[in-house]
Amino acid sequence: MSHPQQFLNPDLQIPDLRAEVISLLQQIPTGSISTFGSLARALGDIKAAKWIGTLLKHDPDRDFWPWHRIVMQNLQLPLTSGVVSSSQQELLHAEGVTIQSGRIDPITPIFDEFHSNKPLHKLQIQQRDISERILLTSEFKATKSVAGIDIAYPQPGIARAAYVEWNLVNSCFDYELAIETPIIFPYITGYLTYRELPAYMVLLKAVQAERNLAEILLVDGSGILHPRKCGIACHLGVLLNHPTIGVSKKILTGKVDLTNQESNEIPILDAQNKAMGIAMRKTKHNKLVYASPGHQFSLQKIPDLLNLCWFDHRLPEPIYLADKLSKQYK
DNA sequence: GCGACAG
DNA sequence: ATCTTGTCGC
């Protein structure tokens, strides 16, 4: 098993978010409390609040840090399987914080002056920077090969990344490869790149050791259909300088035009009513999938390309096969 | 009750 | 994404 870090492009700097949270927690004085939201804002994005919740609840080493000083915005204690954790109550009580029926006494000081280098804010800046380097034009006239890539998690902390190449000339499977690698960065909405891109880099290096990459990569995730127009397909495409398209089963951002329900190809509009992606299905009986350009590929050409390799499943065949291969470990 | 929502 | 058995619908 190779470590992802050694292959990383310097354009992809990945912070240790867990260590950042621990250092923020240690800034909260004894006898004070803070909230999931203010900790998340100190990391640089309120969207990290949910992950902080799972970290403080499940990290095996949490008793080495003051996890108990974090409560909900309404001063209620978070629930553990439906009940307030008695250990959190005891730990707070030992620090002089009083609790009545699961709620912190309102006179308790609330700490919100975190010193932080806002790692998620820095990642947003990276994303905006990458976003400006995206090309939305297609070079190919007749594409001969397309590959799907996807990741599964055989156990926590381990990613299994799969590559399946599809031959568009003979309309058949051509080649497959899967690798496993450790994964550290958590899943936080809008930052999937920082969780999964290192594993994809290991995978694609391994493919390149044997053959050229397929002309176009279908990535399980978003392209420009992203709050900063920089989904994982964009980031991968720009770092590799290779054409990519993002294909996801759920929509991350944007609006599907609901007056178009009969169509199998519905544009997805951003807040400025600009088409950033397309909701598609093979037939009316299928659920929609959401596609958007990653790099070096135009939105207009996406339907024709996907239809060339889309058969009996909800997803286009290369990405369906990559999904299946990534899960073949039991 | 409403909004968020990639993996 | 993952945890998970049988069950319902085509």
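Source: prediction; values computed, not measured. All chains are named by letter (A, B, ...) in the order of the sequence lines, taking the proteins before the strands, and each is independently numbered beginning at 1.
In this structure, A:N212 places its CG atom where only 12 or fewer heavy-atom neighbours from other residues, nucleotides or ligands lie under 6.0 Å away. Within a 6.0 Å radius of CZ in A:F64, no more than 12 heavy atoms belonging to other residues, nucleotides or ligands are found.
Using a 4.0 Å cut-off between charged side-chain N and carboxylate O, A:E95 and A:R69 make a salt bridge.
Contact check, A:K250 against C:dA1: no side-chain N or O comes under 4.0 Å of OP1 or OP2.
For DNA chain B, runs of at least 3 consecutive pairs of the Watson-Crick or G-U wobble type, with both hydrogen-bonding distances under 3.5 angstrom, are absent. Base pairing in DNA chain C gives no stem of 3 or more Watson-Crick or G-U pairs under 3.5 Å.
Residue A:L236 holds its CG atom at 8.5 Å from OG1 of A:T193, rounded to the nearest 0.5 Å. To the nearest 0.5 Å, atoms CZ (A:R103) and CD1 (A:I99) are separated by 12.5 Å.
Partners of A:K284 by side chain to side chain contact (heavy atoms under 4.5 Å, CB included), not counting sequence neighbours, listed by chain and number: A:E262, A:N264. By the side chain to side chain donor-acceptor pair (under 3.5 Å) test, A:Q296 is found to be paired with A:N241, residues two or more places apart in sequence or in another chain being considered. Annotation: ring-ring contact (aromatic ring centres under 6.0 Å, His included) contacts of A:H93 (sequence neighbours excluded): none.
A 4.5 Å side-chain heavy-atom check between A:W51 and A:L17 finds at least one atom pair inside the cut-off. Using a 4.5 Å cut-off on side-chain heavy atoms (C-beta onward), A:L240 and A:L217 make contact.
Distance NE2 (A:H58) to P (C:dC3): 14 Å, rounded to an integer number of Å. Atom CD1 in A:I158 sits roughly 15 Å away from atom C1' in C:dT2 (whole-Å rounding).
Of the residues in residues 284-293 of chain A, not one places a heavy atom less than 4.0 Å from an atom of DNA chain B. Applying a 4.0 Å cut-off to non-hydrogen atoms, the residues of residues 215-234 of chain A that approach DNA chain B are A:D220, A:G221, A:S222, A:H226, A:G231, A:I232, listed by residue number.
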N/O donor-acceptor pairs under 3.5 Å from side chains in residues 107-115 of chain A, not counting sequence neighbours:
unit_1	atom_1	unit_2	atom_2	d
A:T108	OG1	A:D105	O	2.7
A:D112	OD1	A:S38	OG	3.3

Show me the donor-acceptor pairs within less than 3.5 Å that the side chains of residues 116-124 of chain A make with the rest of the protein, sequence neighbours left out.
unit_1	atom_1	unit_2	atom_2	d
A:S116	OG	A:A42	O	2.5
A:S116	OG	A:K118	N	2.9
A:Q124	NE2	A:D45	OD2	3.2
A:Q124	NE2	A:Y191	OH	2.9

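Residue pairs meeting the salt bridge (Lys or Arg N to Asp or Glu O under 4.0 Å) criterion with at least one partner in residues 149-167 of chain A, sequence neighbours excluded, are A:R160-A:E180, A:E165-A:R211.
Counting non-hydrogen atoms under 4.0 angstrom, A:Y153 reaches the backbone sugars and phosphates but no base. Counting any heavy atom pair closer than 4.0 Å across all strands shown, A:G190 reaches a base atom. Within 4.0 Å of A:F185, counting heavy atoms only, lies no atom of the nucleic acid at all.
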Requested in this report: List the steps, then state whether side-chain contact (heavy atoms from CB on, under 4.5 Å) holds for A:V97 with A:I104.
Outcome: CA-CA 7 Å; A:V97 176; A:I104 301 282; 3.9 Å; yes
Query - Residues A:F297, A:S292; criterion side-chain contact (heavy atoms from CB on, under 4.5 Å); working and verdict - result: CA-CA 9 Å; A:F297 207 87; A:S292 57; over 6 Å; no
Query - Protein proximity profile, nucleotides 5-10 of chain C - base contact B, sugar-phosphate-only contact S, no contact -, cut-off 4.0 Å on heavy atoms - result: ------
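Chain A approaches DNA chain B within less than 4.0 angstrom (heavy atoms of the protein), and the contacting nucleotides run 5' to 3' from B:dA4 to B:dG7.
A pairwise comparison of heavy atoms in A:W166 and A:F173 identifies CZ3-N, 3.5 Å as the closest pair.
Looking at A:W65 and A:D61, their side chains never bring a donor and an acceptor atom within 3.5 Å of each other. Side-chain contact of A:Y175 with A:E210: a donor-acceptor pair under 3.5 Å is present, judged by distance alone.
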